[in-house]
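Along the sequence shown, residues are numbered consecutively beginning with 1.
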Amino acid sequence: MIKTVLVANRGEIARRVFRSCRALGLGTVAVYSDPDAAEPHVAEADAAVRLPGSAAKDTYLRIDLLIDAARRSGADAVHPGYGFLSENAGFARAVLAAGLIWIGPPPDAIAAMGSKTGAKKLMAAAGVPVLPELAAGRVTDEDLPVLVKAAGGGGGRGMRIVRSREDTPAAIESAAAEAKAAFGDETAFCEPYIQGGHHIEVQILADDHGTAWMVGERECSIQRRHQKVIEEAPSPLVQRMPGMRARIEQAAAAATEAVGYRNAGTVEFLADESGRFWFLEMNTRLQVEHPVTEAVTGLDLVAWQLKIAAGQPLPDARPQAKGHAIEARLYAEDPAAGWQPQAGRVHELAIDPAVRVDAGVAAGSVVTTHYDPMLAKVIAWADDRQQAAAMLARALATARIHCPATNRDLLVRVLRHPDFLVGQTDTGFFETHALTAPLADDSARYLSALAAALADAAGRRRQSRQQGGPVLAGLPSGWRNVPSQPQVVLYDGIEVRYRLDRGALVTDGGQPAELVSMRPDRVELEIAGVWRAFEVARYEERVYVDSALGPVTLVPLPRFPDPAVRVAAGSLLAPMPGTVVRVAVSAGDQVEAGQPLLWLEAMKMEHCICAPPGGGVLTELPVQAGEQVAAGQLLAVIRAEGDGLHRDR
């Protein structure tokens, strides 16, 4: 029997496994790196063991430290979660060699599926459809477009779409370099790229007694950078293709049998609009998107992982799916800025309890650059797909998310888009749909800024009263006995001019509004006869305003900027903290617009720093490969001819 489980992972993953452990009456052990010491998964465990250091390679990827943590804490089983070492056959073997129970598939099955090229050959031999492998150096015009993939890659890393034969060598070189840095294996290959493809996967559960369930399929086609953003069960494509579910489950069953698979896993396929499909890979672990399968089947997949590892058999009949479930991944990233991940403190994360929320963070958590930027998964279930999408969209739109920039607005726009609602969800969705605009339009941003200014005025008035201010301290800020100059409040991109004239709000140059009430945290306005409420929260250098018009984040600006805060023209600054992994140019080089200069790695992703429009001469390059940089640090300076101006930061 299993008594105590160590989860060799962090954040949302660890919290999810702990939840099922508690439901089964099992003890729990967390591990944590130094940046994670105060994170929720540590506090929720019965015991916790520190892994000294910050980077994953020094902590969550150290097999020796994890085995030692299990021994010292008295754990008798190890659950790898997903990510990190979850698909590392060496880790599985080390756990078993230490006399511990491995909550996952046999190490040989992990090893068999560890190489994409090797896995494809094994699947082809088992009769599972596979795409042909193209020799990296022999791609012809007839083969295009192709997808360059890292043999040992995963999570979208080491993948490049190539539409021109001339671009193939550079794409292969780039993919190989990224894969070597991330996985230690620079092997890359090419395969045909399926335009408008669908990412379909089958959840499997297999015990040690000869029973294997094909639990049902999921569709995970809404992706950015080949990484999933929205997943659902069942698949809209499979639903509308007669006979496809039976065929794809048969292929998944063949894959399961071919490797002698046990425990939970996922067989992933790429499908086209006609219902044809091909093997992509087999994830020998639990998937991030497993909650949608749980929602439609009523299963606890983590609990079954634990039961199977303890030797329990599956029932003869699998549960039948009911209704529809959709999951959205809430990331700390800015879609409008090339999906750049964001770092910083989470001040509040409050989402409607009508939906399921699997979060790795809580109020007070800090999103660092060391790990994946996912904050939470939000899952809605309903009797039908449109209702599930509506529930999830509303839950996200009305959530109080006070932290670095997120992809929340993008998720809501996808869930409400007509093409999504009719099931037109291929992997190129973001290439054909421009959805990065915020939910709040310009009018809503102005009204939110006005509400923030009024809330700030109410706060100053309350503070003055509490501190025993002058006799007239109770009057609104900027009040005059006769009309005078308006109050001016500046936010990034918005100027608010208003005055309070004998209790009445007068706006100057902005949208007219009547003041209903004002408090430091809430302002009520009437606009064109419609009452609106604005919830206002301030933290450090940000103001968050939540209303039915859409969430708005404001950056207060001083009325008189400090002229000393300036940056030289042509300066390229680090958009986030990270590590310079590669440099492609040297000081003195002539560079063209859009030319890659260097690559910055942060939050498990590589970000290309490219030359700005116009190009020029690279006059300064103060960083080198391997160097850690802070957000806002100077990376390069490019001077165009005659460019000697200075600009404000």
Side-chain angles (χ1 to χ4, degrees), residues 7-9 13 16-17 20 77-93 95-96 101-116 118-120 122-123 126 128 130 152-155 199-220 228 231 233 235 248-270 277-294 297 299-314 318-319:
V7 179
N9 223 295
I13 306 165
R16 170 65 191 92
V17 177
S20 290
V78 174
H79 193 301
Y82 31 92
F84 291 136
L85 293 169
S86 62
E87 294 182 281
N88 186 300
F91 181 43
R93 292 189 177 108
V95 169
L96 294 170
I101 298 171
W102 169 252
I103 303 171
D108 288 347
I110 298 175
M113 294 293 100
S115 167
K116 286 184 171 60
K120 288 178 67 172
L122 185 60
M123 291 300 102
V128 179
V130 298
H199 189 122
I200 313 294
E201 59 189 35
V202 178
Q203 175 69 55
I204 59 175
L205 278 175
D207 63 21
D208 291 317
H209 305 275
T211 300
W213 283 354
M214 304 301 110
V215 184
E217 88 284 343
R218 300 182 285 257
E219 179 153 352
C220 313
K228 304 163 189 174
E231 303 101 346
S235 158
I248 205 167
E249 287 190 355
Q250 288 171 3
T256 303
E257 185 176 356
V259 295
Y261 200 84
R262 299 293 181 268
N263 213 275
T266 303
V267 186
E268 301 194 354
F269 299 92
L270 184 66
F277 58 85
W278 302 269
F279 173 82
L280 271 179
E281 61 183 346
M282 187 174 189
N283 289 128
T284 52
R285 55 172 168 80
L286 195 68
Q287 290 278 85
V288 177
E289 57 273 19
H290 76 273
V292 293
T293 297
E294 293 184 324
T297 62
L299 289 169
D300 182 333
L301 292 174
V302 175
W304 271 111
Q305 283 191 292
L306 297 164
K307 292 176 183 179
I308 290 171
Q312 293 189 34
L314 289 165
R318 75 182 194 191

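- At a threshold of 4.0 Å, the pair E219-K228 does not count as salt-bridged, since none of the basic side-chain nitrogens sits closer than that to a carboxylate oxygen.
- Between V215 and I204, every side-chain heavy-atom pair lies at or beyond the 4.5 Å cut-off.
- Remark: the backbone N or O of R285 is not paired with any side-chain donor or acceptor of N263 at under 3.5 angstrom.
- Distance CG/L301 to CG/L205: 5.5 Å, rounded to 0.5 Å.
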Worked verdict on I248 versus F277 for side chain to side chain contact (heavy atoms under 4.5 Å, CB included)
CA-CA 8 Å; I248 205 167; F277 58 85; 4.1 Å; yes
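- One finds the CD atom of E294 at 4.0 Å from the NE2 atom of H290 (value rounded to the nearest 0.5 Å).
- Taking OG1 of T293 as the reference point, atom CD of E217 lies at 8.5 Å (rounded to 0.5 Å).
- Counting heavy atoms from C-beta outward, F91 and W102 have side chains that approach closer than 4.5 Å.
- A pairwise comparison of heavy atoms in L122 and A112 identifies CD2-CB, 4.1 Å as the closest pair.
- Nearest heavy-atom pair across A77 and I103 is CB-CD1, 3.9 Å.
- Between I101 and V78 the shortest side-chain heavy-atom distance does not fall below 4.5 Å.
- Between W213 and L314 there is a side-chain heavy-atom pair separated by less than 4.5 Å.
- Side-chain atoms of F269 and H199, non-hydrogen and from C-beta on, never get closer than 4.5 Å to each other.
- Between P313 and T211 the shortest side-chain heavy-atom distance does not fall below 4.5 Å.
- With 3.5 Å as the limit, one finds a donor-acceptor pair spanning the side chains of Q287 and E268.
- A heavy-atom distance below 4.5 Å is not found between the side chains of N88 and I110.
- Using a cut-off of 4.0 Å between Lys/Arg side-chain N and Asp/Glu carboxylate O, E231 and R218 are scored as not salt-bridged.
- S20 places no side-chain N or O within donor-acceptor distance of the main-chain N or O of V17, the cut-off being under 3.5 Å.
- In this structure, K307 does not pair ionically with D300, as no charged nitrogen and carboxylate oxygen lie closer than 4.0 Å.
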Determine, stepwise, if the pair F279 / V267 fulfils side chain to side chain contact (heavy atoms under 4.5 Å, CB included).
CA-CA 8 Å; F279 173 82; V267 186; 4.0 Å; yes
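- Atom CH2 in W304 sits 6.0 Å away from atom CD in Q312 (nearest 0.5 Å).
- From L286, atom CG reaches atom OG of S86 across 9.0 Å, with rounding to the nearest 0.5 Å.
- Although no hydrogens or angles enter the test, the distance criterion places no donor-acceptor pair under 3.5 Å between the side chain of E201 and the main chain of T266.
- Here the closest heavy-atom approach between residue E249 and residue G216 is recorded as OE2-CA, 3.9 Å.
- For the residue pair H79 / Q305, a side-chain donor-acceptor distance below 3.5 Å is found, with atom types taken as modelled.
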Could you list the donor-acceptor pairs under 3.5 angstrom formed by side chains in residues 254-262, with sequence neighbours left out?
| residue | atom | partner | partner atom | Å |
| --- | --- | --- | --- | --- |
| T256 | OG1 | A252 | O | 2.8 |
| Y261 | OH | A264 | O | 2.7 |
| R262 | NE | D207 | O | 3.0 |

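- Using a 4.5 Å cut-off on side-chain heavy atoms (C-beta onward), N9 and P80 make no contact.
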